[in-house]
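Structure first, then comments.
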Amino acid sequence: MMKVHDGGMNRRSFLRSTLATALALAHGGRAFAGAKPSRPKSLIFLYLSGGPSQLDTFDPKPGRREGGRFRAIRTSVKGLSFTEHLPRLAERARDLVVLRTMTSKEGSHERARHLLHTGYSPIPGTGFPCMGSTLGEEIGPAPFALPHYVCLGGTGEKAGLRGPAHEPFVVRSLETGVLPHIETWRGTTTARLRERLDLQRVLNQEYGHRVNSDLSDKYQSLMDRAYSMMTTPLLEAFDWKKEPEAVRRVYGEGSFARHCLVARRLVEAGVSCVEVELDGWDTHKDNFTGHQKLLSRLDPAFAALLGDLEARELLDSTMVLCAGEFGRSPSVNADEGRDHHPECFSAVLAGAGLKRGVVLGESDATGGRAVGASVTIPDLLATMLHSLGIDPAKTLMAGDRPIALGNDGKLLREILA
Amino acid sequence: MKIMKVAWRILLAAGVLAAGGASRAKAMSADDLDRRLEELWAKDAPPPAGPAEPWELLRRLSLDLRGRIPESSLLDQTLKNPESVDLEAFIVSSLEPDVFSAHWARVVRSWLTGREYSFQALVNRTLDLWIEDRLRHGIGMDAMARELIAAEGTELDNPAVGYLLQFKESQENMAGHVARTWLGSQIQCAQCHDHPFERWKQEDFRGFSAFFDRLGLQHLPRGIVEPLLRGESMTPSQYMDQMPDYVRNGFKPDSPQAVKVQATIDYIRKLRDDRRKDPASFRGSTSLEEAYERMKVPLETRRSMKPKTLAFLQDQEKKPGGTMNTMAMVAGVKPPEPVEPRFLDGTRPAPAAAGETRRQQLARWITSPENPTFAKVIVNRVWKQLMGRGLVEPVDNMVNPDDARFAPVLADLAAAFRADGYRLEPLIARIVATRAYRRRCLGEAPGKGGEHRFEHALARPLMPEVTIGAVLDVISSTGILRLPEKNQVEDMRSSMEDEFVETFGPGSDPSSSSLSLAVHDALFLINGPTVNGPVTVVTAGLERLIGDGGVAARLARLFARVLDRAPSAAELAAFQAHVEAAATRSPDPVAERGSGRAASRSGWFDLLQERVGAGDAGMEAGAKPALSSLEQMAWQDVLWAMMTSVEFLTNH
């Protein structure tokens, strides 16, 4: 990993050289068998918050009452079909791993969301770290001027035991291209802020001598990190406007599309985990209207992201996960809605170290039960960690309780390349 | 502030003042307490630190008891003539109900809500108000716990329901939190299965969780709740008119459904009437607007949070007309087989007294004088709040508290706390009277994970709400803010809390003894409105803040006001150089003013600007010419650096 300095190199030249390095390595890889590109691994997590219906996305059951209103369409993988509202993703199915028998122990949003992000049901006060924070600490480049774990359009989950340095950096909206509080206060120049911070440093040092050096050091390094983030050229990775119009168009309109595009830019810049949230899947009412609207955003952006990663030779180092915290009921309720259904639902993976064009597991005719084995959330997370080069059996200590990163999930060897 | 020349220390030491009417309290002086502490660590511990300087102690006490930094006059006196300041009198006056309740309401609320849960500020505020009222009226923590655990009613009428409402998605989280907060027991590890290394088994957890089995929650339209709370009558048909179509469709006035609706109407009114009959109960609000008004929710915030429905929490045992338990409504997971409720000691509740709910039984058991744990848990939390670390750690999972090193101290304090009617003030008074509390503040105990034995004080992060108050205290002491009423600072504080606590709060763990801030917190602090807003508007008041004289004298005054101490030589040199450089500087920075892009909107900054100017700025006619704009900027920089320093953000 190349070192990143605050000055001297703008982002474009940085990206160019990174890309050049990657390309050179890729070519080299072909020329000298065995050598592999050494890009660090990263994860893009498209989090479908609220719980999408498996039946109306990746596991259609046409011709049945439970199947709902949508038709199914064929994909680029033989025998695999998606809902009709995922046409572009259907074309890219050859890049995907589709898990059709995911199961969650949790049926309420908050708890299920925690389980999906950490591999554990919440035990408040324990501090299970989420996957993004784990990736940041385990494989994130250091030193690095950006946060290792960035959440776009949602809040992500907490770093817990990993500590405040690994908390998600939350960006609710990128509408303006400017991050929250990344610019100096109105009327204050960066030079003046620097002077102010230098004065503050004198006070922090005095506090270190007199009171508590540990606290003072930590605080000072936090201030330094904030300032270096404010001034790093890597910040341009957040600015979707820097992307050519043609590329933006492929991702589609709206904030989710923009966030997906920025996710790719962040991964290029070296961020270890980007979580992009698409909310609104909790369709207890008007499931089909709601899903159709959301799918029209998900389909182009997700497909474009895969294509873009592939074209830039980033798909081998970048894993993409697209999942909600649970699925939705096969039965349609009186309000044309579907309710929570954690028992059996779908999730989709692609990239880093995984097979391509694979379906694992099969649901029954209603789409509500697994036929054969289910895949638990810990199975999914353990497999992802393994594939990203982290030992899922590694443990952290919460007091005197050992916490395994993969929560004893079993590796899904069928999908590992 | 009046300094009462009374031998308060002696009174405190004798526990007379502290115990109030309950003079049966086990007499335990601060000396006794210190002796116990020192006996327990004397053998192999490093020598204790010396006493804190008077001004350090004054700031520590002021932040701990009032949640504010000391008033300037008192502070000046402490710096100039430490002997003349009666700290004991300061403690006594700080523990007056009107002075201490607002801050300690926030402390207690942070035990209840932590910062892990993202839910509306409304719940925090209503709970603050409710707890503050209870503290003000001298209600003990036992009674408060009972009210919270067994709360029924709507969130307007009885804000105590807000405590359990935050766990409405999961009865298990509810049970887990109650056990952690009031019993210091982490039982939720056993929610799913038995762990070999855990002391609680799944059976224990499920038995405990069963106390919350009968909880019913309904979200009722405001158009139903508000008239009922005003005491208006309502027919089932009128009730149904407020409901969404899919509920109302097919409703018939003479159906069994109408009987159920009537029962709900009657029950909300009964709860309301009962509360009104009881002089000790909290006076809730009858409308959302009234609640917002009481909580001083800024108008802008009110516009953005307009809930259409209000929560109504009720026990099924009491619920007439059948069940409508919406708790697990849409979870889609099979609930486990119901089990009989069981306390953590394995006993089962006696057959319920007439009308007693499961939650009331549980609340009674938790706070029963025969249950020694409750008092210890609260004492341990208060100790941690004041000392930075509990007598037993972790405070929410006190495994074998009787074997811990400081168990005897905990037991003594708990006995006294019980005898004092579970009131916080006497307990706080006992702790702050000790030598241990008054020692100098130094770093962590040597060696990572080394056991802290209270041989010196620990630096503790301020609660975000307290930080805001401290910033406002500094600025309002310049007289530049219009202060039409005495609660002005509280008012301003509410406005900032939304922005600040939301950003600054969630990552930080209130029970943590270190400042756990992430990079976005740091960016918010250095580029957001919290400190920048006041520093921007303070210009007119700067001269009052720094006073007359040379740069050194002015710096000394500013250090005293903001950091409650004198500057060190190194600090003086650096800051003096900065201010003096302003005089010789080219005016470029001024020209750059306004060049930064407009930051995100800040309601707090708008409010600050509104309040500035028309106030009594205390600028007399004929006063010396104002600082040049460059000098002004330099002093703003100094103030900014102080208010964003780690020192300002901690109590030490």
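Here is how names work: the chains are called A, B, and so on, in the same order as the sequence lines, proteins then strands, and each is numbered from 1.
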Handout entry: Donor-acceptor under 3.5 Å (B/Glu647 side chain, A/Leu203 main chain)
Key = no
Problem - Side-chain donor or acceptor of A/Arg192 paired with backbone N/O of B/Met633 under 3.5 Å - result: yes
Fill in the blank from the handout: Of the listed A/Met230, A/His166, A/Arg225, A/Arg111, the one with the largest count of heavy-atom pairs under 4.5 Å with chain B is A/Arg111
Exercise for the section: Go through B/Thr650 and A/Tyr207 one step at a time and tell me if the side chain to side chain donor-acceptor pair (under 3.5 Å) criterion holds. Expected result: CA-CA 11 Å; B/Thr650 53; A/Tyr207 184 85; 2.9 Å; yes
Practice task
Would you give the length of the straight line joining atom CG of B/Leu442 to atom OG of A/Ser213, rounded to the nearest 0.5 angstrom?
Solution key: 10.0 Å
Handout entry: Heavy-atom proximity to chain B below 4.5 Å, by part of A/Asn204
Key = both
Handout entry: Considering all heavy atoms, the nearest B/Ala574-A/Val202 contact
Key = CB-CG2, 3.9 Å
Exercise for the section: Apply the test salt bridge (Lys or Arg N to Asp or Glu O under 4.0 Å) to residues A/Arg210 and B/Glu56: give CA-CA distance (whole Å), side-chain angles for both, the deciding distance (0.1 Å), then the verdict. Expected result: CA-CA 12 Å; A/Arg210 223 164 28 87; B/Glu56 290 174 323; 3.5 Å; yes
Exercise for the section: Could you walk me through whether A/His181 and B/His520 pass side chain to side chain contact (heavy atoms under 4.5 Å, CB included), step by step? Expected result: CA-CA 8 Å; A/His181 305 294; B/His520 59 88; over 6 Å; no
Exercise for the section: With a 4.5 angstrom heavy-atom cut-off, could you sort out which part of B/Met643 is near chain A: side chain, backbone, both or neither? Expected result: neither
Fill in the blank from the handout: Sorted by chain and number, sequence neighbours left out, side-chain contact (heavy atoms from CB on, under 4.5 Å) with A/Pro330 holds for A/Leu55, A/Glu66, A/His341, A/Thr366
Problem - A/Pro164 versus B/Ala518, closest heavy-atom pair with distance - result: O-CB, 3.4 Å
Practice task
Kindly compute the distance separating CD (A/Gln200) from OG (B/Ser645), expressed to the nearest 0.5 Å.
Solution key: 6.5 Å
Exercise for the section: Kindly give the heavy-atom pair with the smallest separation between B/Tyr246 and A/Asp335, and that separation in Å. Expected result: CB-OD1, 3.8 Å
Problem - OG on A/Ser108 to CD on B/Glu172, rounded to 0.5 Å - result: 8.5 Å
Practice task
Using the test side-chain contact (heavy atoms from CB on, under 4.5 Å), find all partners of B/Asn532 that sit at least two apart in sequence or belong to another chain.
Solution key: A/Trp185, A/Arg196, B/Trp640
Problem - B/Leu525 CG to A/Met223 CE distance, which is reported to the nearest 0.5 Å - result: 5.0 Å
Handout entry: CA sep, side-chain torsions, deciding dist, call: A/Asp198, B/His578, side chain to side chain contact (heavy atoms under 4.5 Å, CB included)
Key = CA-CA 10 Å; A/Asp198 289 341; B/His578 182 77; over 6 Å; no
Exercise for the section: Identify which one of A/Leu215, A/Leu222, A/Asp217 satisfies the side-chain contact (heavy atoms from CB on, under 4.5 Å) criterion when paired with B/Val646. Expected result: A/Leu215
Practice task
Can you see which heavy atom on A/Pro147 is nearest to which on B/Val519, and at what distance?
Solution key: CG-CG1, 4.4 Å
Handout entry: Within-4.5 Å side-chain heavy-atom neighbours: B/Leu523 and A/Phe169
Key = yes
Problem - Between CG on residue B/Asn527 and CG on residue A/Leu193, distance to nearest 0.5 Å - result: 6.0 Å
Handout entry: Nearest-0.5 Å distance that lies between atom OG1 in A/Thr126 and atom CD in B/Gln186
Key = 5.0 Å
